[in-house]
Amino acid sequence: MPELPEVETVRRGLEPLLVGRTLTSVILRAERLRWPLFPELTTQLAGQKILVVDRRAKYLLIRCTSGTVLLHLGMSGVLHLLSATLPPQRHDHVDLVLDDGNCLRLSDPRRFGAVLWCETDVAAHPLLCNLGPEPLSSEFDGDYLVRRAAGRKGAVKNFLMDQRIVVGVGNIYASEALFRAGIDPARPAGKVGAMAYHKLAAAVCTVLEEALAQGGTTLRDFNDAHGQPGYFAQNLQVYGRKGLPCVVCGTPIRVRRLGGRSSFDCPQCQGRG
Ligand SMILES: [Zn+2]
């Protein structure tokens, strides 16, 4: 599944290619992805000039003259910028056709992606209005986590993965950040100390920045119709390393179920918090 660093990398790649272009038409080849693909999209988007390519959580926000396209890659979505005359493949469900003869083509085998149009303030959109701050914004820091964690009995890992607390911290990044901060993922969020939350906020930023740096070096050519993005080949220290020695102390990495997800930690290094 594309995570926040992957989506941000896509945004950075697309922005210079899309800004200033005008959408001439929209081709819909499916009735729905995660939600219906409304036929009105074809008339709503035609003639819109693309002003900015933004991101909020894992939504790409293509801001146009009179509204915003919300685009989500779901579980398996891939975007390519290619000639609109290239015949679509089986899972190519949506084309946003541009005035230069190219199109932004969404391929989504599992159909959990989304393409929506919003003509009002996009920050107030039901999908976005309850989201927590961006993890790489100034709003997100140790003090913020301390404030939001007060009195919470649930595991700190689930707290960190709650999109209402902070967006874009999936299972992998939560596991890695908790390891670096030396916090037991199962510890009740309200029992984690202020010092530990400062370390955790910094660790979240570090793991995301590292992933973004990887993305910068492995950024796909959006004109390549056959490219397949995946997880960035990041240097994971606990995630997926069950039974392997901890990179710090050599203790075998443990896996437990937390909030229905596999949770990896070092029982030696992560006893604090
Ligand atoms: Zn260890």
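All ligand and atom numbering here is 1-based and tracks the order in the structure. As a basis for the values below, the full set of heavy atoms in this structure was taken, side chains included, without hydrogen atoms, waters or symmetry mates. What you see is a predicted model, and the numbers here were worked out from it, not measured in a lab.
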Taking only distance into account, with no hydrogens and no angle test, what donor-acceptor pairs under 3.5 Å do side-chain atoms of residues 39-48 form with protein atoms, sequence neighbours excluded?
| residue | atom | partner | partner atom | Å |
| --- | --- | --- | --- | --- |
| T42 | OG1 | P39 | O | 2.7 |
| T43 | OG1 | E40 | O | 2.9 |
| Q48 | OE1 | T65 | N | 3.3 |
| Q48 | OE1 | S66 | N | 2.9 |
| Q48 | OE1 | S66 | OG | 3.2 |
| Q48 | NE2 | S66 | OG | 2.6 |

Could you pull out all donor-acceptor pairs under 3.5 Å where a side-chain atom in residues 249-258 meets a protein atom, sequence neighbours excluded?
| residue | atom | partner | partner atom | Å |
| --- | --- | --- | --- | --- |
| R254 | NE | D265 | OD1 | 2.9 |
| R254 | NH2 | D265 | OD2 | 2.9 |
| R256 | NH2 | D184 | OD1 | 3.0 |
| R256 | NH2 | D265 | OD2 | 2.9 |
| R257 | NH1 | S262 | OG | 3.2 |
| R257 | NH2 | G260 | O | 2.7 |

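Using a cutoff of 4.0 Å between basic side-chain nitrogens and carboxylate oxygens, R56 and E134 are scored as salt-bridged.
For the Zn ion (ligand 1), the set of protein N/O/S atoms nearer than 2.8 Å consists of C246 SG, C249 SG, C266 SG, C269 SG, ordered by chain and number.
Taking the side chain as every heavy atom from C-beta outward, R55 and V7 approach each other to under 4.5 Å.
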Next on the checklist: The test is salt bridge (charged side-chain N to carboxylate O under 4.0 Å, His left out); show your working for R29 and D92 and say whether it passes.
Outcome noted: CA-CA 7 Å; R29 301 190 191 86; D92 293 346; 5.7 Å; no
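Each side-chain hydrogen bond (donor to acceptor under 3.5 Å, both in side chains) pair with one or both residues in residues 67-79, not counting sequence neighbours, appears once here: S76-D108.
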